[in-house]
Amino acid sequence: MKNKVVVLTGAGGVLCSSLAKAFAKKECKVAVLDLNREAADRVAEEIKAEGGVAIGVQANVLEEQSLDGAKAVVNQELGPCDILINGAGGNHPLGTTSEPYFRAEDLNNTVEGFKTFFDLDVDGIQFTFNLNFIGTLLPTQVFAKDMVGRDECNILNISSMNAFTPLTKIPAYSGAKAAVSNFTQWLAVHFSKIGIRVNALAPGFFLTDQNRTLLTETNGSLTSRGNTIIGQTPMGRFGEPGDLIGPTLWLCGNQASFVTGVVVPIDGGFSAFSGV
Ligand code: NAD
């Protein structure tokens, strides 16, 4: 791992900042990319304060020009990209239904903000598909060029366990992550002859800013959805960012040299459990 150049998108966020720090501890040179410049810079500064090598770079995973600019900075400051982690992603409230199940009377529900399947907004759905799928494809087009003709390069996408079985209420996010998992397999095959491995993690439920209000009340107790999740997670807890580190370093390192096209659930058994 030493001196590998690792580019992580969405690395100003909770999960990928933790991965960025883990790569830095392995003496990799880390490029912390995020739409939010302050968040990217903050994570890079934290890494440097601990003696690591890192740069913060503002980049929008949905804009090729922005990614080209980021790549130029990474190449100049750190060198060509060896490992790409496609971490930027998320859901949008306009692609989310208010209730898990549709009932006939919901058609007449006039409560402001109440959304059934029939109210799902194409813009919200498109936002979610773009951020998760196009936001994985475009950075790969830009940074994987550095990997062609070089050894030991690989890509790690961040899917979700909702790609295996969709979660209630979030059809767009579930479908978009299914596309990320499918693309992981497709690209693994496509790049197999030039030695670029492509894998994905499928995290289960990690308590982060994106889902905190869905899963916990203001007093810290679990919401009904939070309770359902813990009840369906055989290991009986939410994931911690640190739970992703071991599988990430394994998949991106030489010990996984014959592993490509896999989507590894990191979910405390959620996706293996039938509920009975
Ligand atoms: P987060 O919101 O903490 O981090 C996401 C980061 O992506 C943010 O810093 C945000 O600024 C950045 N971002 C958003 N749009 C961007 C864009 N257009 N270009 C560049 N950066 C952009 O979220 P997280 O929980 O750390 O999630 C990281 C990844 O893990 C996401 O792909 C998410 O879908 C996935 N995931 C999270 C969970 C969970 O429980 N938190 C579960 C499964 C999968």
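Read the numbers this way: they start at 1 and go in the same order the structure lists the ligands and their atoms.
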Report yes if Thr208 has an N/O atom closer than 3.5 Å to an N/O atom of ligand 1; otherwise report no. yes

With respect to Phe206, determine whether any N or O atom, backbone or side chain, lies less than 3.5 Å from an N or O atom of ligand 1. yes

Protein contact to [atom] [nearest heavy atom, distance to 0.1 Å]:
atom	answer
atom 27 (O) of ligand 1	Leu15 CD1, 4.0 Å
atom 43 (C) of ligand 1	Pro203 O, 3.4 Å
atom 18 (N) of ligand 1	Asn60 OD1, 2.9 Å
atom 33 (C) of ligand 1	Tyr173 OH, 3.4 Å
atom 29 (C) of ligand 1	Gly87 O, 3.1 Å
atom 19 (N) of ligand 1	Val61 N, 3.0 Å

Under 3.5 Å, is there a donor-acceptor pair linking the side chains of Thr116 and Asp106? no

Going by an N to O cut-off under 4.0 Å, is there a salt bridge joining Lys29 and Glu77? no

Ionic contact status for Glu45 with Arg42, cut-off 4.0 Å: no

Passing candidate, side chain to side chain contact (heavy atoms under 4.5 Å, CB included) with Leu8, options Val32, Asp34, Val30: Val30

